[in-house]
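Please read these numbers as outputs of a predicted model, since none were measured by experiment. In what follows, chains are A, B, ... by sequence order, proteins preceding strands, each numbered from 1.
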Amino acid sequence: VTDDALSAILLDRLRAHLPRLARDAAPAEHTWLSEAGLDSLRVIELITDLERSLGIAFPDEMLSPDTFRTLGSLRQAVRSLVPVTP
Amino acid sequence: LSTPAQDLGPEWALLERIAVDAPDRSHPADLAQRPGFRWGEFVEQALRHQMLPMAAVELLEGDPPIPLPPHIRALLVEALDVNRERNRVLRAEAGRLSAALHRAGVPHAFTKGIALESTVYAGRGGRLLKDVDVMVAPTDLSRGADVLRSLGLTPGDVDPVSGRIVPLPREHHVRLRLHPDHLPRHARLTAHPVVRWVYVDVACSLTWHGSAWQVPVEPVLARALSLRLPDGPTIPVLAPPDCLTFVALHLFREAWLGQWVELGLDVTLAKFADVVRLCRAHRDALVGGALVRLLEGLGVVEPVAWVFQHLDRALSLDLSRDLALAARASPDFLAAAQRSSAGERRWDGDMRRRLHARDRARLFGTGDGP
């Protein structure tokens, strides 16, 4: 998958779970996901959705609040799990 | 005590009467013998609220005996027999687990049903147990898991049809990694013809991970008392004020966190029955400000007052005043459901109608309106 395609999938899934993010056409990397509506229940739904959509499994060490703090931290985590083609 | 309104029907009034277990209220026979009493409605609500064995004790063994339709009597007899046997098996499992935790040097205390059924429910089989609940310190969670494994318990759910233990859903694992307030549920298959498996739940928090209300577990465990179970084993249980605090906080967790409603696991009338019975059994140790001083020291007055004020309003009791908790939860807080980054969920604050309702999710809104 290309980096652009991965970003599109990531944003698509985020917007599906975080309606507030849907209003932002190009959310910044430092966007706090909690401020976009990611609460303790939605984060679990988001994780399992991303795992299904991308065919990945977040390792235990990534299942921490730090991974899901900002759009940038989540993008970085997902990139490390999906082979990205240039 | 005042008589609760019967606007929700005699079936619901009977279930409330059984939950409160107050002899000075209407006799169950008066409610059960109302013309047109719907036993199907009563049994379904009793099942929803995990109170069928409790109802069986009251209706089968009350004095004087209550005339029952034969098929309802047969159902209640069977439900009570099965529950008594399940409780016996789970008591044995608790004894086995406690001995193993002691050998491993893990401080612990049993909580919830296993600690209540032989004490405040007098061992009559009325308290439905689904599992064995035990509390350890957060630093002992991993050693607790080792002990469970050594006893043949494995993380998982039991498929009741195949009788096999199946892995827990991925969501469950993710939730526990993010919110490590207990171990994944462990199960063990038995050779018993009826109680074919047992579940054990190990927790390490009196509230939940990330909660605004945190209670240090170690001092609570240090205050634990020994309880000799009817079949012989002795297990540590929380001291009565800690036990009531935990039972109330657990009820609060189930009722206040909106996610339980969404998962179809909203609070039941049986949980309120636990609180009422604990208060009655240990009244002398709780009144006169004794409980509220403990709660103030732990910083959990507000959530416990939330429970008692709802309890009083739902079941026409006055426990909040007795325990000096009256008006300690604001009307605004009483109608709150969950504070999160997604906003606070709200409901109309009528716990009695909430308990009676079948579609609880419809009672909740977001933002300011009910």
Problem set entry | Flag if over 12 foreign heavy atoms under 6.0 Å of CD, A:Gln76 | no
Exercise. If you measure from CZ on B:Arg170 to CZ on A:Phe58, what distance do you get to the nearest 0.5 Å?
Worked result: 9.0 Å
For this session: Keeping to residues at least two apart or across chains, list the ring-ring contact (aromatic ring centres under 6.0 Å, His included) pairs with something in residues 3-54 of chain A.
Result: none
Exercise. So what's closer than 4.5 Å to chain A heavy atoms on B:His209: side chain, backbone, both or neither?
Worked result: neither
Exercise. Is it the backbone or the side chain of A:Leu63 that comes under 4.5 Å from a heavy atom of chain B, or both, or neither?
Worked result: both
For this session: Rounded to the nearest 0.5 Å, what's the gap from NE2 on B:His172 to OG1 on A:Thr48? Could you check?
Result: 14.0 Å
Exercise. If you take all heavy atoms of B:Arg177 and A:Glu61, which pair is closest and at what distance?
Worked result: NH2-N, 4.3 Å
